[in-house]
2 protein chains.
Amino acid sequence: MSAKQPLLIIERIARILQLFNFEKHEWGITEIAQKTGLSKSVTYRLLHSMEEYGFIKQNNATKKYGLGMRFFELGQIVKANMDLRTVAKEVMTELSRKCNQTVILCIIDHLQQVCIEKVDGLSIIRIASEVGARIHLHAGASAKLLLAYLPPEERERCYREFGLPRFTKKTITDREQLETELSRIREQGYALSVEERDINLAALAAPVFDYRGEVVASLTLIGPKWDFGPGQARVYIKEIRAAAGEISERLGYKREK
Amino acid sequence: MSAKQPLLIIERIARILQLFNFEKHEWGITEIAQKTGLSKSVTYRLLHSMEEYGFIKQNNATKKYGLGMRFFELGQIVKANMDLRTVAKEVMTELSRKCNQTVILCIIDHLQQVCIEKVDGLSIIRIASEVGARIHLHAGASAKLLLAYLPPEERERCYREFGLPRFTKKTITDREQLETELSRIREQGYALSVEERDINLAALAAPVFDYRGEVVASLTLIGPKWDFGPGQARVYIKEIRAAAGEISERLGYKREK
DNA sequence: AACATCGTTCCGCTGAGCGGAACAAAGATG
DNA sequence: CATCTTTGTTCCGCTCAGCGGAACGATGTT
């Protein structure tokens, strides 16, 4: 899978570029050569060549080198392709096909859940939930998941503003009980709900992270509850987490750190 | 000044990266090799090595290559250093020292001018205008310049909302006359004012553009009017335009296009 | 089954680029 | 003011990194 041996020069370029960060964004040739272990002539030639194409900009006054506009331009292009919905759509289609269930993508807006993308499963059964639909945050896998990753003050505001209305027999309407469920969700990294909002429906949700490590959306698999038995659920959990991870990665999320 | 001959490989990398844009962000190896004129093996090796360091990301499904997250990260760093005030400060200090006058940097907020940075000249005379000060857009070099580059509807809103109050004998209070002045400013690329707001003060302002080519601020030289005679003014104009151009460039502005 | 086209790999030859040392310019030091 | 130090920059002959044409395996098309 991985390559044999990267081009030496690319490794060197990578090593140089690694030096630039938010704290220190300008370096002298000698500094760079020392930190990277490269010879001064190599460092000089590399930087100058990169400057020729706008990757590097030399400060005329200090003679030090910094990152050039080209990285900003290319960064903007990458950013444009990091659009949540666009990125998610592909992965959602794939997931829906694999599990043969409906997949939805939801975000939080004004302390409510909003569905922003949906891919129907091939099954004859269709889920009512539509793109644009707004619902409370305390019931359903997707909603609970989003709520779980909200800061405590926000959760508090949510309880105060909307309360915990009951939709079915299984809706969690007790604050204590809900908070326990939320911390379990955070621990497990996914949320499960069975008939919390609608009779006969079950759902599994996993968090989507952006490049800053913030939860920006929930990815959810919804279907008839008889498809979510313990055995099948284990498979679904693996799949939904992989899919959510894939989206997160494409948004620039780095799991380690 | 410019280098002798850039490293071949850097040129090749630049040629490959040039292909990626907002319209087409994924390319196959063969496509890239054809478009760039590079051999397929070189293209492959380069892309793979770059992928190793996150500069390039291969889509597992389509096998095509796209820009990697590394460009986004580096782009974010560049962006952070493109902060208007930080960039401007250096250039302003330099300009102030050269001309021995006060230099201010202003932006528009809610149809008013706000001064966001100031560097005093060494002269004993100090200009009252302080960072944070808000003033009308129709009087003074800086204000007129910002007004000049506003879209017509916005200018209209400004006249309606604030009118054209008189500050001195020289304040322009006639709409027609002001619009004529504004189009001259756009043509010349700088604005001059003598005693329009304060007796005995004169100022010269030039526009600062961002990477999209939009005017985001005005750079202004202020001093006693007797320092702004025709001869001295010509020198000042050259200096302030060069300084504003330098800031614009650091913000990613490309004059040609 | 034959074909077309994709991404990927191989390997021997060779010139691009390495690096140590010299150089110029600008501060820092006594 | 001369001397020392530390920048960034340039030079040039030797050498091995990497070039590229051709082969390969996988996929999709006719």
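Here is how names work: the chains are called A, B, and so on, in the same order as the sequence lines, proteins then strands, and each is numbered from 1.
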For C:dT8 and B:Gln58 - does any side-chain N or O of the residue sit under 4.0 Å from the phosphate oxygens OP1/OP2? yes

B:Leu46 CG - D:dG20 C1' separation (whole Å): 13 Å

Residue met sooner reading DNA chain D from 5', once A:Lys64 and A:Leu8 are mapped to nucleotides: A:Lys64

For A:Asn59 and D:dG8, what is the distance between atoms CG and P respectively, to the nearest whole Å? 12 Å

Check nucleotides 26-30 of chain D for protein N or O atoms closer than 3.5 Å to its own N or O atoms and list the pairs.
none

Electrostatic pair B:Lys254-A:Glu73, nearest N-O below 4.0 angstrom: yes

Salt-bridge contact A:Asp83-A:Arg85 (side-chain N to carboxylate O under 4.0 Å): no

I would like to know whether A:Arg250 and A:Ile247 meet side-chain contact (heavy atoms from CB on, under 4.5 Å); could you show each step before the answer? CA-CA 5 Å; A:Arg250 292 206 202 173; A:Ile247 298 174; 5.8 Å; no

What's the closest nucleotide to the side chain of A:Tyr44 if the choices are D:dG8, D:dT10, C:dG7? D:dT10

What does the list of N/O pairs under 3.5 Å between the protein and nucleotides 21-24 of chain D look like, with a distance for each?
| residue | atom | partner | partner atom | Å |
| --- | --- | --- | --- | --- |
| D:dG21 | O6 | B:Ser41 | OG | 3.4 |

Using atom CG of B:Leu38 as one end and atom P of C:dG7 as the other, report the distance to the nearest whole Å. 14 Å

Separation of atom CD in B:Gln34 from atom P in C:dT5, rounded to whole Å: 10 Å

Carboxylate-amine/guanidinium proximity below 4.0 Å for B:Lys89 and B:Glu94: no

Which residues pass the salt bridge (charged side-chain N to carboxylate O under 4.0 Å, His left out) test with A:Lys64, not counting sequence neighbours? A:Glu31

For the pair made of CH2 in B:Trp27 and C1' in C:dG7, what is the distance, rounded to whole Å? 17 Å

Checking side-chain hydrogen bond (donor to acceptor under 3.5 Å, both in side chains) for the pair B:Gln113/B:Ser142: CA distance, chi angles, key distance, verdict? CA-CA 8 Å; B:Gln113 170 183 282; B:Ser142 172; 2.6 Å; yes

Picking from D:dG8, C:dT8, D:dC19, the nucleotide nearest the side-chain atoms of B:Val42 would be D:dC19

Between D:dG20 (P) and A:Leu7 (CG): distance, integer Å: 12 Å

Any salt bridge linking A:Asp120 with A:Lys118? Criterion: basic side-chain nitrogen under 4.0 Å from a carboxylate oxygen. yes

Output the single nucleotide from D:dA17, C:dC18, D:dT7 whose closest atom is nearest the side chain of A:Ile9. C:dC18

With the side chain counted from C-beta on, respond yes when B:Tyr53 and A:Ile10 share a heavy-atom pair under 4.5 Å apart, and no when they do not. yes

From D:dG8, D:dT9, D:dG18, pick the nucleotide closest to the side chain of A:Tyr65? D:dT9

Is it true that the side chains of B:Asp227 and B:Gln232 contain a donor and an acceptor less than 3.5 Å apart? no

Closest-nucleotide mapping onto DNA chain D: is A:Ile10 or A:Lys63 further toward the 5' terminus? I mean the 5' end. A:Lys63

The side chain of B:Arg12 is closest to which nucleotide in this list: D:dT9, C:dG19, D:dG20? D:dG20

For A:Ile13 against A:Met50, the heavy-atom pair lying closest together: CG2-CE, 3.8 Å

What integer distance in Å separates A:Ile29:CD1 from C:dC23:P? 20 Å

